[in-house]
Amino acid sequence: MTHPCDMLVFGGTGDLALHKLLPALYHLHRDRLLPADLRIVALARQPLGRDAYRALAERRCRAQVARTSFQAETWQSFAERIDYFAMDASQSAHYGRLARHLDNAGPRGRIHYLATAPSLFEDIAACLANAGLAGSDARIVLEKPIGHSLASALAINQSIGQVFQESQVFRIDHYLGKETVQNLMALRFANALFEPLWRAGHIDHVQISACETLGVENRGSYYDHAGAMRDMLQNHLLQLLCLVAMEAPVRFDAEAVRNEKVKILEALKPIAGLDVKDRTVRGQYAAGKIGGQEVPAYYFEKNVDNDSDTATKVSVPGYLEEDNANPQSDTETFVALRTEVRNWRWAGVPFYLRTGKRLARKCSEIIIQFKPVPHRLFQDGQANRLRIRLQPEESISLQLMAKSPGKGMHLAPVELDLNLAHAFRQKRRWDAYERLLLDVIEGDSTLFMRRDEVEAAWRWVDPIIGGWHAYYQRPRPYPAGSWGPEQAHSLLEQQGHAWHE
Ligand SMILES: NC(=O)C1=CN([C@@H]2O[C@H](COP(=O)(O)OP(=O)(O)OC[C@H]3O[C@@H](n4cnc5c(N)ncnc54)[C@H](OP(=O)(O)O)[C@@H]3O)[C@@H](O)[C@H]2O)C=CC1
Ligand SMILES: O=C1O[C@H](COP(=O)(O)O)[C@@H](O)[C@H](O)[C@H]1O
C-alpha cells in the first residue's frame with residue numbers, strides 16, 4: 001500500500017474477527033510488522049461505542065493470546081489503532097455515513113476484510129463502489145466458503161469482479177497460511193530426494209485428514225447451512241490435496257502456483273449420482289464423551305461438574321441437541337471420501353479425504369503411504385510412510401524400517417523426525433492469519449485462492465452434494481469422541497487400506 005491505510009473488518013464482532021483476526025493483528029503490531037499508520041475499523045450492526053468494542057476485543061484477545069505474549073502496554077498502543085462503526089452492511093444508505101466517518105485528509109488505502117457470511121459479499125462490494133471506497137488502492141479479502149454452490153460462487157465472483165480487479169481480490173483459506181502447509185511445498189520442491197518417488201509408481205495412496213474435537217460451538221446458524229463439505233472439504237482439504245498433487249510451478253509466484261493447483265482440481269475424478277454411496281461417507285455427531293484439552297475453556301465452565309475426572313473427559317451433546325439446533329437437521333458434521341487425480345503422475349492412486357467435528361482427537365495431517373519393497377527379503381517389514389502433521393504440533397516424519405537390536409534380523413519401524421517447532425525453536429510459530437494478513441497488506445496473493453480455483457472446487461463438490469440429496473439424505477450418526485461412522489473405515493478397508501490414527 002502506498003498510502004496510509006485502513007483495514008475495515010466487516011463482521012467485527014464475530015467469532016472469526018475476535019478469535020483470529022484481532023489476535024493476529026495484535027501479534028503483528030507487537031512485532032512491529034504493521035504499517036505505523038494502519039487503522040483497524042471493525043464494523044457490525046451491534047450498537048457499540050469505540051471504547052466498548054476495544055474492551056470486548058481486549059477480553060477476547062487476552063483469552064486467545066498466550067499469557068506470555070499479552071502485554072498491557074502493547075495492548076494499549078494496539079488499541080489506539082482500533083475503531084468501531086455500527087452499520088448494516090447490506091444497506092447502501094449506511095455507506096455514506098461510513099465514508100464520512102473514515103474520511104481523512106489525503107488519500108488512504110483500504111483493505112476490506114469480509115468476515116461475514118458470503119451472502120453479504122455482493123451487497124458489500126456494490127455498496128463500497130457506490131460510496132467511492134473501492135478505488136484502485138483498495139483490496140478486498142473474502143473469507144471461505146465463497147458461496148454455497150458453484151452458481152452462488154460464480155455470482156459472487158462476478159459481482160466482486162465488477163468492482164475489483166482480480167489482483168485486488170484476496171480469497172483467504174487459512175490452511176494455506178499454516179507453516180507446515182508451506183513446508184509441504186518446501187519439502188517437495190526444495191529437496192531432490194522426493195521428486196522421483198512422488199508419483200503413482202511409488203505411492204500407494206494418500207490420506208488427508210482434518211479432525212477436530214470442537215463441535216459446532218456458537219456457529220450453528222452458519223454451520224447448519226454449510227456442513228463439513230462446504231465448511232472444510234471444499235476449501236481446506238482440497239487446497240491440501242492440490243499442494244500434495246500439483247506439479248512444480250515454474251516460479252514461486254501467485255500465478256504460477258495457482259495455475260498448477262487449478263490443473264489438479266480439474267483432474268479430480270468426479271463423484272456423482274449413486275457414486276456417493278460407494279465413495280463418500282456422511283456423518284453427524286451424536287452425544288458422547290470427549291477428551292478435554294482441545295475443548296475451549298468456556299465449554300468446561302458451562303458443562304463440567306466438579307468431578308476431577310471430567311478434566312479429561314466431558315459428556316457432550318449430539319449435534320441435534322446443541323443450543324438452538326434444528327432437531328430435524330440432516331447437516332453433516334463429518335465427511336470422508338475417496339477420489340483420484342486423473343493425470344499422468346497420479347493415475348490409479350486413491351486420495352482419501354476426511355474431516356469431522358467432535359472426533360476423538362484434534363489432528364490434521366497428510367499421510368503419503370509408499371508402496372512396499374518389490375521383493376521381500378525380511379519377515380517383518382512395513383512400507384515407508386511420510387507423515388506431514390499440521391496440528392496439534394507441526395512435524396514431518398518419515399517412517400523407515402530398521403533392524404531391531406539383538407539376535408536375528410528383526411525389523412521395526414523408526415521415525416526420521418523433523419519437528420519444526422524444535423528445529424526452529426528460537427523462532428515464534430506464527431498463526432496462519434498473521435502470515436496471511438501481512439501478505440494482504442503487502443499485496444502478495446500467492447497463498448490466496450484465485451477465482452478459477454474456487455469455481456473448479458465447487459464444480460467438483462456440487463455433484464457430490466447433489467448425489468447426497470438424491471441418494472444419501474441422512475448422515476450416519478457417530479458418537480462424539482469417536483473417529484466417525486464405521487462406514488468411514490470400510491471405505492478404506494474395501495481397498496485394503498486403513499486410516500492412520
Ligand atoms: N469462525 C471461524 O473460525 C472461521 C470463520 N470463517 C468464515 O468467516 C465468516 C464469518 O464467520 P464467523 O465470524 O464465525 O461468524 P459470526 O456469526 O460469529 O459473525 C458474523 C459477523 O457478521 C456481522 N454481521 C452479520 N450480518 C451483518 C450485517 N447485515 N451488517 C453488518 N454486520 C453483519 C455480525 O455482527 P452483527 O450481528 O452485530 O451485525 C458478526 O460480527 C463466515 O463466512 C465463516 O465461514 C472462516 C474460517 C474460520
Ligand atoms: O475454516 C474453518 O476452520 C476451522 C478449523 O481450523 P483449524 O485451523 O483449527 O484446523 C473449523 O473449526 C471451522 O469450522 C471452519 O470454518
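Whatever order the structure lists ligands and atoms in, that order sets their numbers, starting from 1.
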Ion pair Glu322/Arg219, N-O distance below 4.0 Å = no
Tell me, which protein residue and heavy-atom name are nearest atom 45 (O) of ligand 1, and how many Å apart are they?
-> Lys144 O, 3.1 Å
Considering only heavy atoms from C-beta outward, does the side chain of Phe78 approach that of His29 to under 4.5 Å?
-> yes
Which residue supplies the protein heavy atom nearest to atom 14 (O) of ligand 1, what is that atom called, and how far is it?
-> Arg219 NE, 3.2 Å
Look only at interatomic distance and state if Pro118 has a nitrogen or oxygen under 3.5 Å from any nitrogen or oxygen of ligand 1.
-> no
Note: Arg230-Glu332 ion pair, threshold 4.0 Å (strictly below) = no
Run the side-chain hydrogen bond (donor to acceptor under 3.5 Å, both in side chains) check on Gln369 and His500 step by step: do they pass?
-> CA-CA 10 Å; Gln369 181 63 57; His500 178 252; over 6 Å; no
Do ligand 1 and Gln46 have nitrogen or oxygen atoms that lie under 3.5 Å from each other?
-> yes
When only distance counts, is His236 in polar contact with ligand 2, meaning an N/O pair under 3.5 Å?
-> yes
Looking only at heavy atoms, is any part of Tyr433 under 4.0 Å from ligand 1, and if so is it the side chain, the backbone, or both, or is it neither?
-> side chain
Distance to 0.1 Å, residue and atom name: give those for the protein heavy atom nearest to atom 13 (C) of ligand 2.
-> Arg219 NH1, 3.2 Å
Is the closest heavy atom of Tyr175 to ligand 1 under 4.0 Å?
-> no
Interatomic distance, Arg358 atom CZ to Thr333 atom OG1 [nearest 0.5 angstrom] = 10.0 Å
Looking only at heavy atoms of His19, does any of them come nearer than 4.0 Å to an atom of ligand 1?
-> no
Point-to-point distance, once rounded to the nearest 0.5 Å, from CD of Gln168 to CZ of Arg110 = 13.5 Å
For atom 30 (N) of ligand 1, which of Ala226, Gly14, Pro47, Ala89 has the closest heavy atom?
-> Ala89
Should Gln91 be listed as contacting ligand 1, given a heavy-atom distance under 4.0 Å as the test?
-> no
Distance to 0.1 Å, residue and atom name: give those for the protein heavy atom nearest to atom 18 (O) of ligand 1.
-> Asp15 N, 2.9 Å
Ser329/Thr331 under side-chain hydrogen bond (donor to acceptor under 3.5 Å, both in side chains): CA gap, chis, key distance, verdict = CA-CA 6 Å; Ser329 173; Thr331 297; 3.2 Å; yes
Which of the numbered atoms in ligand 2 are below 4.0 angstrom from a heavy atom of Lys144?
-> 1 (O), 2 (C), 15 (C), 16 (O)
Hey, are Ser149 and Asp462 close enough side-chain-wise for a donor-acceptor pair under 3.5 Å?
-> no
Salt bridge between Glu58 and Arg62, side-chain N to carboxylate O under 4.0 Å?
-> yes
Hey, does Leu214 sit under 4.0 Å from ligand 2 if you only count heavy atoms?
-> no
The closest protein heavy-atom partner of atom 32 (N) of ligand 1 is Ala44 CA, 3.6 Å
Looking only at N/O atoms, are Lys20 and ligand 2 under 3.5 Å apart anywhere?
-> no
For atom 9 (O) of ligand 2, which protein heavy atom lies nearest, and how many Å away is it?
-> Lys362 NZ, 2.9 Å
Note: Leu120, heavy atoms under 4.0 Å from ligand 1, region reported as side chain
So which bit of Tyr223 gets within less than 4.0 Å of ligand 2, heavy atoms only: side chain, backbone, both or neither?
-> neither
Which is it for Arg45 and ligand 1 at heavy atoms under 4.0 Å: side chain, backbone, both or neither?
-> both
With no hydrogens and no angle check, do the side chains of Tyr222 and Asp231 hold a donor and an acceptor under 3.5 Å apart?
-> yes
Select one of side chain, backbone, both or neither to describe which atoms of Tyr222 lie under 4.0 Å from any atom of ligand 1, heavy atoms only.
-> side chain
Considering distance alone, does some N or O of Leu16 sit under 3.5 Å from an N or O of ligand 1?
-> yes
Hey, are His422 and Asp417 close enough side-chain-wise for a donor-acceptor pair under 3.5 Å?
-> no
Asn130 versus Ser92, side-chain donor and acceptor atoms under 3.5 Å | no
among protein heavy atoms, the one nearest atom 46 (C) of ligand 1 is Glu143 OE1, 3.0 Å
Nearest protein heavy-atom contact for atom 34 (C) of ligand 1: which residue, which atom, what distance?
-> Thr13 OG1, 4.0 Å
Within 6.0 Å of CD in Gln165, more than 12 heavy atoms from elsewhere = no
Heavy atom of the protein closest to atom 14 (O) of ligand 2 (residue, atom name, distance) = Asp231 OD2, 2.6 Å
Nearest-neighbour protein heavy atom for atom 43 (O) of ligand 1, which is reported as residue plus atom name and distance | Thr116 O, 3.1 Å
Does Asp231 reach ligand 1 with a nitrogen or oxygen that is under 3.5 Å from one of the ligand's nitrogen or oxygen atoms?
-> no
Looking only at protein heavy atoms, which one is nearest to atom 3 (O) of ligand 2, and how far off is it?
-> His174 CE1, 3.3 Å
What is the nearest protein non-hydrogen atom to atom 8 (O) of ligand 2, stated with its residue, atom name and distance?
-> Lys178 NZ, 2.7 Å
Heavy-atom side-chain contact between Leu241 and Ile264 under 4.5 Å | yes
Please indicate whether any nitrogen or oxygen in Lys357 is less than 3.5 Å from any nitrogen or oxygen in ligand 2.
-> yes
The protein heavy atom nearest to atom 23 (C) of ligand 1 is Gly11 CA, 3.7 Å
Looking at atom 10 (O) of ligand 2, what's its closest protein heavy atom, distance included?
-> Tyr175 OH, 2.5 Å
Arg476 side chain vs Gln487 backbone, donor-acceptor pair below 3.5 Å = no
Quick one: does Asp439's side chain get under 4.5 Å of Thr446's, heavy atoms only?
-> no
Could Lys144 and Asp173 be called an ion pair, given the rule that one side-chain N must be under 4.0 Å from one carboxylate O?
-> no
Below 4.5 Å, heavy atoms only, C-beta onward: do Leu447 and Gln182 meet side chain to side chain?
-> yes
Can you tell me if Lys20 has a non-hydrogen atom under 4.0 Å from ligand 1?
-> no
At what distance is the nearest protein heavy atom to atom 5 (C) of ligand 2, and which residue and atom is it?
-> Glu212 OE1, 3.7 Å
State whether Lys20 and Glu143 are salt-bridged, where the test is any N-O pair (Lys NZ or Arg NE/NH1/NH2 against Asp/Glu carboxylate O) under 4.0 Å.
-> no
If you round to the nearest 0.5 Å, how far is CD1 of Ile111 from CD1 of Ile140?
-> 11.5 Å
N/O to N/O below 3.5 Å, does that happen between Asp88 and ligand 1?
-> yes
Atoms in ligand 2 with a heavy atom of Gln391 nearer than 4.0 Å | 7 (P), 8 (O), 9 (O), 10 (O)
For Leu43 and ligand 1, does the shortest N/O to N/O distance drop below 3.5 Å?
-> no
Of all the atoms in ligand 2, which lie at a distance below 4.0 Å from a heavy atom belonging to Met232?
-> 2 (C), 3 (O), 11 (C), 15 (C)
Option from Lys178, Arg389, Arg429 for which side-chain hydrogen bond (donor to acceptor under 3.5 Å, both in side chains) with Glu394 holds = Arg429
